[in-house]
Amino acid sequence: MIPFQAEDAIHMTVILATLTPLVAFLLIMLGTRARKNLSAGLSLGAIAISFGCSLLLLARLWNVREPLEYSTRWVALNRMEIPFGFLLDPVSLLMLSIVTLICLLVQVYSLGYMAGDPGFSRYYAFMSLFAWAMTSLVLSSSLLQLFIFWELVGLSSYLLIGFWYEKFSATQAGKKAFVMTRAGDVSFLLGLILVLVHVGNPAILEMNSLDSAGLMPSGILTFAALLIFGGIVGKSAQFPLMTWLPDAMEGPTPVSALLHSATMVAAGVYLFARLFPFFALSPTAMGIFLFIGTVSMILASTMAMVARDIKQVWAYSTISQLGFMIMGLAAGGYFAGVFHLTTHAGFKALLFLCSGVFIHTWHTNDIFELGKGGARRLKIPVIALVVAAGALAGLPPFSGFFSKEAILAALALSSHPVWLAAGLLGVFLTAYYAFRVLCILLFPPSAGEEPSGPVGGLAPAPKGSRQEGSSRTFIWPLIILAFLTLLLGFFQGPLQHFLLGEGKALLVDHGEQAGWLPFTALFLSLAGVGLAWAEFGRCGAARLSFVERIPFLRELFSRRWYLDHFYHFFVDRIVDRGFSKLFAQNDNRVIDGSIEAVSRGTLEAGRFLAFLQSGMIQYRLLVSFAVMVLLSLYFFYRDSGGF
Amino acid sequence: MIVPFGHVLMLAGMLFLLGVFCTLTRRNLVMIILGVEVMLNAAAIAFVGAALHWQSLEGQAFVLFIMAIAATEVSVGLALIVYAYRRSGSFDPSSCNLLR
Amino acid sequence: MKWMLFGPETYIFLVAFFFLILSMWRGPHSEKDHVLALALSGLGVVISLACLGAEGLLFAGAYRLDLFSQVFKVALSFGLFLIVCLCANVEEIKRRYRLEFYFFLFVCTLAMMLLVSAQHLLTILLALELSSYSLYILVTLRRDEDMGLEAGIKYFLTGIFASSIMIFGMALLYGATGAVYLQDLAQVLPEVMGTPAAVIGLLLTFGGFFFKLAVYPFHFWVADTYQGAPDQVTAYIATASKVAVIAVVIKLIAAVDQNSTYLIHVLAVLSIASMTLGNLAAMVQKDMKRLLAYSTIAHSGYVLIGILSGGTAGYASAVFYALALLVMKFTVFLVVVVLSPRGKNLEREELAGLHGRSPLLALALMVSIFSLAGIPPTIGFMGKFYVFMGAMDKGLFVLVLIAMINVVVSLYYYLLIIKAAYLGHSWETPPAVHLPQPMRWLTGALIATMMVAGFYPTPLIRLSEAVARSLM
Amino acid sequence: MPGVEIKGALSMQIEIAGFPYLSAILITCVTGLLVILLLPEERKGEIKWVSAGFSGTTLLLCVYLFFAYDKTRGGLQFVEKVPWVPSLGIQYFNAVDGFSLPNLLLTGIVFFTGVLTMWQLQERVKEFFALYFLMVLGVFGLFVSMDLFFIFVWYDVSLFPMYLLIAVWGTTRKEYAAMKLTLYLFAGSALLLPGMIYLYVHSGLNTFDITALMQPGTFTTAQQKFAFPLFYVGFGILAGVWPFHTWSPVGHAAAPHSVSMVHAGVLMKIGAFGVLRVAIFLCPEGWQYWSGVMAFLAAFGIIYGALAGLRQTDLKYVIGYSSVSHMGIVGLGLSTVSVEGLNGAVFQMFAHGIMTALLFSAVGHIYDRTHTKEIGELGGLSRVMPVASFYFILAALAGMGIPGLACFWGELVVFIAAFKVYPVRTVVALLALVVSALFMLRVVQRTFYGPPNERYAQLSDVSFSSGIPRMILAGVLLLFGLYPALLFDVIETASIPFMNGLPR
């Protein structure tokens, strides 16, 4: 470990990168809440500095192979030391750049999107808080520190989802998001404690250095890995803790773009990548991760197929893509997972931001209404949307194509072909639902042709708002992201080199890629696109998906496989009306009741005794005498050996 | 001593119990005081017997004082009872039930 | 010279005699009489204090003067003085009896003083009877004749019954041992402790004292008598009279207690019965004096714990407790006397709004009540603590535990009093209580005594220990 | 026989090192009390300023002590020893160590902020502050005392003013609550006193000096096993140990705000501290013997409090149950028989004290404005009083264990320590984290979020001056959340030597 040295330029840069958003947050909270422009300026400036620093770091350390670690003692307890520090290695640097970049873009975008909101300053404060927590999370050098920022990220997510706190559904969604991720976090904490108890100091590098295998029995190791994975499940909204993410779309759209698609939810996958060598020690655990990733991906895709809310579609898609990444990682494709994480951050943020433009313009989330409203007239957002959807569907030359291929290649090498089949199915479904949305938006039915759309179409948006919709703060982030989506795929080679280094292949040998795989995948994507076109795009299409023709499936999918019903049942019936009621009543009836009974009994006894006292004189004398006699008798009893 | 001390005690004890019995059972304030007088006399007999047993005069002195006490008791007690009778017109102890 | 040793008794006797003469000489004159009694009783305190160091034997050893007796004499004369302080306006006693009232008060105090010094069974008996008879009459003096009379009759009947039992017990004791001096008894008793006559005699003898102490099963008179007697008389019974009786019980038990487990068992049972009964019955009382009566029974139970623990520590704790009781009981009665409506008893609910009517009295009530409840830092807590220490030293853990549970139970009704004083809002707000300046000072001094002696009890504990040692 | 002669060679002489800061704290309280008593009732403003002045002085003294304590030396410092009742072995023995110091600081903070929180009080001001000072005097005394007798005395001194404080100035079912609370807590002391005297008698040392009594070998194992539960239950009642916790929600709900603050913030700590200082110090073997039961009760209390809190509809009840849950964490820490456990427990005492004081302070503000604590009647307060809401939400977040706020560290360290010893019980307790998040957020959502209620539309927010107490508390919460080492370093000066001194 290198101790802190003030003159260390890299170190200063790191501190600058993480701390400036915190400073911005504190300044806004303490001083500038009333002055909106200043708040936004502070926040933007901070994140810009942060982004600059991260680029600087990326450039400086592009060729440095050894991870750099800085840490200092923060809390030292008897046998436990909690260090605070930064770990700079390719994954964290890459992630840092993604996070700061998207943060910056989204904050710029928000300038327009959130303009006029009464909580404008608060919004930027929370954004800064998130930026601080996320960057610190990414750079954490120890698992405990990571956990701390993990929680803080969750907090900022809660605050941002419930940003419009007067809206019931928003606060409800925030609560749900926090509690569900909390459930995952508790599992994470348990795993952390387990590691801590056995290994001692949960520095990430040490955990990854494979010595932990020696320190922990393999059973415990698997158990710890699974528990930590619980945190990932919660944060990345994987099965079974997936339903909070669609609800989280109640937050402002830029928040969804930033937190709930590109960065925060990806933190789970990031943690997976971060601890990849550690997880890889337990094949059993990896198998389970693969399963959970697959289930999440398929489930979420099916849900996306029937959703009408544009943000919901992208939310399901996020879950599904995160599941896809986890599949890749769990199958051993370290690079594939991280690469998809990178590309996904770009195109998913783009998808949300584009949708945000539509939503901001027409004030509705319903894709059919947006389509009818004339979404296709907004040229730049539509083009960006097409680019992003193409990436999502895995069409070349967009970035998604390359990363998906990488993951599929990794899956192809996994133990069982079923995973690959599932992956391919996922590719098909993804392409289908992505283009379903696109087709609905771009090819609205002409009048009278609407079979199942909502009654009473939307009035065309006023000119002014459309003007606003294409204002610069909206457009530039879109353009930048679209270019990124276009280009990122071609940087696969350098990235792979950066992440893995030479001769450091992690588990999967990428040389033996099956030749038929890319073509199959591409074919499936195109099939999905074609199906979407056939059902929604072409003239005179029924605008009814094949799923919706089967009532059972439609119900199942649109009700999220009844997961929410289960949770509702669980919370309402078992926790609320079960244990909680039981305990509350236990307090009232059993504990307090018995105390009440004792006190009442005492009081009654007192009443009875007092009544006895008021007897006639001679009874009293009798009692006195009788007691004396009894006491004398006790003497004889005792004397005769009674005691 | 002709009569054994034990017999004297026995007599005293029986007399005492009789006094107690009278005190506890007779529903008449005067009889209660009488019962107590009997108890006192039982004590006096026991003292006399004990004085003889130990060949000391202190027991006799006790008896004298017990007589004095008994006299006081009767005077004070009767004063109270007569007063009470004048107010309530009864000697019944159960009429004393104002305080509770 | 020896007559100087007899100083306080002689003085009190002369004062009593003076009041007797005065009652025949002229009619009552309320205020003058009170000032006179106040001055004379105050002088009594001074004389008792002057005779504090007296030691010796009088009347052929039937009367013993030592630190023990002299301290209690000071306490008694002080108690008398305090009671006389309350007698500025004895509404409940007819004017024409006021002088007799003082006469009996002084006679009773004289008897008590004799009691604490008496060493001969006969002296003890006579002193006890003398004090009892004075009290029988004092109780009956109440203006509300039905109440006073009934209280008097009940007190009297229970009293004579108990005293005849005691006399019979003394006869048995005398028969079994042949000893009448306490010091002789102490020597002879161990040999005959196994015989029924001695043990039963002892038990029955204690009966008379238990009656005075208000210990179960001779406690029945307490509630009625307290309720029916004039407030000042009740206060006297509860404070000065109790102190003397505690002293004599300590003395008796110190003389006869030869670590007999039987005696300890009996005392423990009576102690538990007294506290439990007293505390439980007190919970449902509405009349303040009746409530305090039951609380007295409970306190007698606590004192018994100290007495039965034995040893210097045990007796010292009992002495401490007696002195503490004197102060705290008196303070409560001071409040009760001041607040009592004319000719009637004070109900608990009538305390309502006291904090507004007289903050000082409310504070005095609160401190004394907390002291009675045994909550630190008051003298009452220290007393309980001290008593429990002695008991624990004897290994009586369960007894201490039961006593503590009783303390919690008692807290309930004590808190109700405080609640009434501090919370209750009476419908028509009674006028503010006017307290003369000297009474204010007295009240303040009492509060200070209870707090200071509770927080820094060392001098008082030293005194109690010295007293207890002089007994052994 | 006690009281006859002094056995052993215990030094019974005056021993005061330097300026008696600890007595100065107590004397400040007493002086404040007397000054308040002497001021006439009508001069409410002066009474408040006097209270603020004296409580501020104690706070400064506490802060000074906290930083003046020599961490490298550790052990007992600022010792003041004066023989009090020599024949009974009672000493006026004050000292602080790493365990009491955080609590002392906590008391100072909560005391001062509590006075400021009650600034709006108009009814019977003089009596209120007099009783309040008396209560806090007891708390201070207990934390600094090293003499068993005085610990008991201070314990009761801190409790009995509570009756009037709740019964006179309280709100919901105040008389019932006051009576219940007082009897409950004194029932605890009914176990303490016998236990205390039991130890005194069996030590044979004729002293109540804890440092003398805690020497190994003073008590046999059987005696320790016997005495420990007495103290554990006796003090545990005050610490809200399940199943003796039901006084806590009722009492907290009924008490006036600053009393709730002191009560939940400090008095419950007295209970836990008593368990530590008396039960654990004097009966370490009993501690080890009973620790499993302690852990069970604590773990169950944690989840129980959280779940039972879920159904409450009164803001203060909710906080009361959360206190039960949080104090369970302290209990869990104490039950681990390890340095970490003690560290975490003491840290959690401090953190919970500040947090819950902040919660009550915020609720106090809301109640003063809206005159209701029913969650159902509130709603949308964020719009009307953003600052007040902010403080409440901050404290609620601390209660959920969000990192960056002090409670997180206490919980984390306790859970880590407990997991090593009682994995299953810890897992059960950890589930409560989810539940407590659920119920805290539920309260926040229903009270502060949602459309603003017209009834409260024209209510004023916290002004700067009346926000001071909350600002202090929030600041402390953040300070120790961001730099917990400040506190942990102090605690460790006590916990490590103590655990090292234990016979294993």
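Labels below follow one simple rule: chain letters A, B, ... track the order of the sequence lines, proteins then strands, and each chain is numbered from 1.
Between chain B and the options C/Leu126, C/Thr140, C/Ile137, heavy-atom pairs under 4.5 Å are most frequent for C/Leu126.
Here C/Leu130 contributes atom CG and B/Thr72 contributes atom OG1; the two are 9.5 Å apart, rounded to the nearest 0.5 Å.
For B/Thr23, the part lying near chain C is the side chain, with the backbone staying farther off; criterion is any non-hydrogen pair under 4.5 Å. Interface remark: B/Ile45 contributes no atoms to any contact with chain C (heavy atom separation under 4.5 Å). Proximity to chain B (any heavy atom under 4.5 Å) is shown, for C/Leu121, by both the backbone and the side chain. Proximity to chain B involves both the backbone and the side chain of C/Ile167, based on heavy atoms less than 4.5 angstrom apart. Both the backbone and the side chain of B/Ala12 come within contact range of chain C, judged by heavy atoms closer than 4.5 Å. Neither the backbone nor the side chain of C/Tyr226 comes within less than 4.5 Å of any heavy atom of chain B. In this structure, no portion of B/Ala70 lies under 4.5 Å from any heavy atom of chain C. Residue C/Phe156 touches chain B through its side chain alone, counting heavy-atom pairs closer than 4.5 Å.
Inter-residue side-chain proximity for C/Phe161 and B/Ile32 is flagged as unmet; no heavy-atom pair is nearer than 4.5 Å. Inter-residue side-chain proximity for B/Ile69 and C/Leu125 is flagged as met; some heavy-atom pair is nearer than 4.5 Å. A heavy-atom distance below 4.5 Å is not found between the side chains of C/Tyr136 and B/Glu73.
Heavy-atom neighbours of chain C within the stretch residues 80-87 of chain B, taken at a separation under 4.5 angstrom, comprise B/Leu80, B/Tyr83, B/Ala84, B/Arg87.
Using the six-membered ring where Trp is involved, B/Phe16 and C/Phe168 have ring planes that are parallel, under 30° apart on the 30 and 60° scheme.
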